[in-house]
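Below is one structure, written out as structure tokens; comments come after it.
Here the structure is a predicted model, which means the values were calculated and not measured. Numbers here are sequence positions counted from 1. Note: hydrogens, waters and symmetry copies are ignored here, and every other heavy atom, side chains too, is used.
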Amino acid sequence: MHAAGIPVPTPRYLEPMSPETPDAFYILDYCDGRPELAPSDLEGFIEQYVQRLAQLHRVDWRAAGLTFLRNLDDGRPDHRSPGTDRLRVHEIRHALLRPPNPRRANADVLLHGDFWPGNLLWRDGTLVAIIDWEESIIGEPLFDLAICRLDLLWVVGMEAVDRFTERYRSQTDVELTNLPYWDLLVSLRPIKAIEQWADAYPHMGRPDVTVQRMAADHQAFVERALRRWG
């Protein structure tokens with residue numbers, strides 16, 4: 001990612017796996033930045049967020065030697081059972097039985113897999129690093145976009161999420177027909193652990209993002225996707 005021009009901490013050293021070092025590791029520069037969940041310049045925040053997501057999705061992942069990454073189609077995350085009946089999970093799963101239109105699918109891209117505000121570091125209003133790449137995967141760009149949409153909803157609201165989506169489309173020409181399907185798919189992610197997800201927000205300066213608010217916004221997100229998916 002560093003070689004591709006994506007803002008990440010600079011890699012300095014790799015210790016490969018060996019009999020002497022059974023656990024391989026690498027060393028990165030410390031990045032002076034922090035997550036931004038209460039942007040003072042909302043439009044600048046959205047624009048930089050979009051630019052970096054679009055830039056990531058333009059990376060030539062084959063040339064970058066990332067063919068070892070798992071493909072999203074080999075095991076979509078909808079196999080994860082939330083293990084609960086709450087938050088309309090059964091309606092969501094029923095809607096997901098209708099697969100996305102393959103003729104409207106986009107070419108596979110490199111996906112971050114968890115492109116939420118907590119994994120973006122900012123300094124003085126500038127996005128300086130994207131971190132936590134352990135969920136990287138190859139697949140449909142709408143998966144990353146949907147993750148951004150749901151996580152940004154709790155931070156900036158639906159109107160800003162819609163502007164984010166349109167700017168992303170204009171910078172990538174990604175086909176959005178199947179987006180409601182991916183919105184529904186990623187809406188399963190927080191259902192089981194929404195209380196744990198909510199615990200992170202007060203520590204990042206957003207005590208107003210409570211479990212109750214997250215659940216209400218989640219259900220509005222789901223309702224919208226269900227209507228659009230049919």
Using the side-chain contact (heavy atoms from CB on, under 4.5 Å) rule, take R34 and R123 through it: C-alpha gap first, then chi angles, then the decisive distance, then the call. CA-CA 7 Å; R34 63 178 180 82; R123 184 173 65 250; over 6 Å; no
Can any side-chain N or O of W154 pair as donor or acceptor with the backbone N or O of M214 at less than 3.5 Å? yes
Indicate the atoms forming the closest heavy-atom contact of L176 with L142, along with that distance. CD2-CD2, 3.7 Å
Less than 4.0 Å between a side-chain N and a carboxylate O, is that true for R213 and D217? yes
With respect to H112, which candidate in F143, Y49, W133 satisfies the ring pair (Phe, Tyr, Trp, His ring centres under 6.0 Å) definition? W133
Residue set satisfying side-chain hydrogen bond (donor to acceptor under 3.5 Å, both in side chains) with T177, at least two apart, ordered chain then number -> E175
For D151, which residues count as a side-chain hydrogen bond (donor to acceptor under 3.5 Å, both in side chains) partner, sequence neighbours excluded? none
Spell out, as yes or no, whether a donor-acceptor pair under 3.5 Å connects the side chain of E140 to the backbone of A107. no
Mind checking salt bridge (Lys or Arg N to Asp or Glu O under 4.0 Å) for D23 and listing every partner two or more places apart, or none if nothing turns up? none
Ionic contact status for R163 with E166, cut-off 4.0 Å: no
Is D208 paired with R206 through a side-chain N to carboxylate O contact shorter than 4.0 Å? yes
Is the backbone of A24 close enough, under 3.5 Å, to the side chain of T21 for a donor and an acceptor to pair up by distance? no
Can you name the nearest heavy-atom pair linking F221 to A146, along with the distance? CZ-O, 4.4 Å
When the ring planes of W122 and F45 are compared, do they come out parallel, tilted or perpendicular, using 30° and 60° as the limits? parallel
Backbone N or O of V174 within a donor-acceptor pair of the T172 side chain at under 3.5 Å? yes
Answer yes or no: is there a donor N or O on one side and an acceptor on the other, between the side chain of H2 and the main chain of V8, under 3.5 Å? no
Does L127 offer a backbone N or O that forms a donor-acceptor pair with the side chain of Q48 under 3.5 Å? yes
Under 4.5 Å between side-chain heavy atoms, counting indirect links through other Ile/Leu/Val/Met/Phe/Trp/Tyr residues: same cluster for V128 and L37 or not? no
Quick one: list whatever passes ring-ring contact (aromatic ring centres under 6.0 Å, His included) with Y168, sequence neighbours left out. H57
Among all residues two or more places apart in sequence or in another chain, which pass the side-chain contact (heavy atoms from CB on, under 4.5 Å) test with Y26? L14, L28
Strictly distance-based, threshold 3.5 Å: is any side-chain N or O of D60 a donor or acceptor partner for the main-chain N or O of A63? yes
Pick out which of E47, R58, Q51 makes a side chain to side chain donor-acceptor pair (under 3.5 Å) with Q171. E47
Just to verify, what does D162 make a salt bridge (Lys or Arg N to Asp or Glu O under 4.0 Å) with, not counting sequence neighbours? R224
Could you tell me whether D108 and R62 make a salt bridge, using a distance below 4.0 angstrom between a side-chain N and a carboxylate O? no
Donor-acceptor pair, R86 side chain versus I191 backbone, under 3.5 Å? yes
For D183, run the salt bridge (charged side-chain N to carboxylate O under 4.0 Å, His left out) check against R228, R227, R149 and tell me which one passes. R149
